Asker: 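First the structure, then my questions, so here it is.
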Amino acid sequence: DSEGSKPPHVPRGETILADKIANQAQPTEFLASASQADLVERQANRDLEVVRRQMASKIRNVVDEATKVSQARFSREQELKEREDRLTIEAQRAAIQAESLATDRVAHVQREVDDSIAAWRQMVAEVEGLAENICAARDQANVRIEAARTDCREAERA
């Protein structure tokens with residue numbers, strides 16, 4: 001490998017080309033003919049094409065990997081958005097249910113209060129009716145007592 005003999009500022013592809021040229025021609029015969037120059041140029045072009053294909057493949061691999069990462073990130077963001085939407089809907093449903101339950105409970109308590117008030121009013125009316133009956137009975141009793149006293153006084157006089 002001629003990697004050790006390569007000057008630090010020369011790219012690898014150029015070193016390979018220089019080594020090939022050096023191996024193919026003796027210093028005195030360096031590019032002695034046009035056909036040899038053509039052969040070297042074709043080989044250099046083939047080497048450059050191989051390097052170009054390798055770089056294109058590496059670039060495709062990097063782009064493919066970046067695309068996969070981007071798609072995975074997008075997919076994860078979509079999942080999180082869908083989950084957030086589901087949780088928001090569930091929270092809204094729970095709030096509606098809680099409000100409905102509270103409304104139902106308030107209505108139930110209100111009915112109980114109304115029923116209690118109606119029962120209380122009925123009891124008051126019954127007590128008032130009883131009180132009126134008691135007063136009427138007392139008045140009748142007083143009338144009878146007075147009539148009996150009057151009868152007793154008249155009987156005593158006679």
Side-chain angles (χ1 to χ4, degrees), residues 1-21 23 39-156:
D1 187 18
S2 63
E3 189 71 17
S5 65
K6 171 181 85 130
H9 65 280
V10 178
R12 179 164 171 71
E14 291 179 20
T15 302
I16 293 170
L17 178 60
D19 288 347
K20 286 187 183 234
I21 292 171
N23 289 337
L39 287 173
V40 169
E41 183 178 356
R42 281 193 296 256
Q43 183 60 44
N45 286 337
R46 282 191 292 264
D47 290 346
L48 286 174
E49 182 61 23
V50 167
V51 169
R52 187 195 66 75
R53 286 182 185 153
Q54 289 173 344
M55 290 306 295
S57 174
K58 287 180 182 179
I59 289 170
R60 276 192 306 277
N61 290 342
V62 168
V63 167
D64 289 347
E65 188 62 29
T67 301
K68 287 177 189 174
V69 168
S70 177
Q71 288 172 342
R73 181 176 172 221
F74 178 76
S75 176
R76 181 66 179 144
E77 287 174 354
Q78 280 299 109
E79 289 174 12
L80 290 174
K81 177 69 174 131
E82 289 170 2
R83 183 172 182 215
E84 179 183 355
D85 291 346
R86 279 193 312 273
L87 290 174
T88 299
I89 289 169
E90 288 176 18
Q92 290 170 342
R93 285 181 184 158
I96 290 168
Q97 280 182 327
E99 184 178 349
S100 177
L101 288 174
T103 301
D104 291 348
R105 182 65 184 145
V106 166
H108 178 72
V109 169
Q110 184 63 47
R111 280 190 303 273
E112 287 179 348
V113 167
D114 291 344
D115 291 347
S116 294
I117 289 172
W120 177 254
R121 286 184 177 154
Q122 184 175 348
M123 283 182 7
V124 167
E126 288 174 5
V127 167
E128 286 175 346
L130 288 174
E132 288 176 8
N133 290 341
I134 290 171
C135 287
R138 184 195 66 205
D139 290 343
Q140 286 177 357
N142 284 339
V143 167
R144 287 186 192 147
I145 291 172
E146 195 55 42
R149 282 185 188 156
T150 303
D151 288 343
C152 282
R153 277 188 229 133
E154 289 180 7
E156 284 178 3

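Owing to the predicted nature of the structure, the values given are computational and were not obtained by experimental measurement.
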Asker: Among residues at least two apart in sequence or on other chains, which ones pass salt bridge (charged side-chain N to carboxylate O under 4.0 Å, His left out) with R53?
Answerer: E49
Asker: Any side-chain hydrogen bond (donor to acceptor under 3.5 Å, both in side chains) pairs touching residues 138-149, not counting sequence neighbours?
Answerer: none
Asker: Quick one: list whatever passes side chain to side chain donor-acceptor pair (under 3.5 Å) with R46, sequence neighbours left out.
Answerer: Q43
Asker: With a 3.5 Å cut-off and sequence neighbours excluded, list the donor-acceptor pairs that the side chains of residues 113-134 form with protein atoms.
Answerer:
from : atom 1 : to   : atom 2 : distance (Å)
D114 : OD1    : Q110 : NE2    : 2.9
S116 : OG     : E112 : O      : 3.0
Q122 : NE2    : E126 : OE2    : 3.3
N133 : ND2    : G129 : O      : 3.4

Asker: Side-chain donor-acceptor contacts of residues 59-75 below 3.5 Å, not counting sequence neighbours, with atom names and distances?
Answerer:
from : atom 1 : to  : atom 2 : distance (Å)
N61  : ND2    : S57 : O      : 3.4
T67  : OG1    : V63 : O      : 2.8
R73  : NE     : E77 : OE2    : 3.3

Asker: Which atom pairs, one a donor and one an acceptor, fall under 3.5 Å between side chains of residues 81-102 and the rest of the protein, sequence neighbours left out?
Answerer:
from : atom 1 : to  : atom 2 : distance (Å)
K81  : NZ     : D85 : OD1    : 3.0
T88  : OG1    : E84 : O      : 2.8

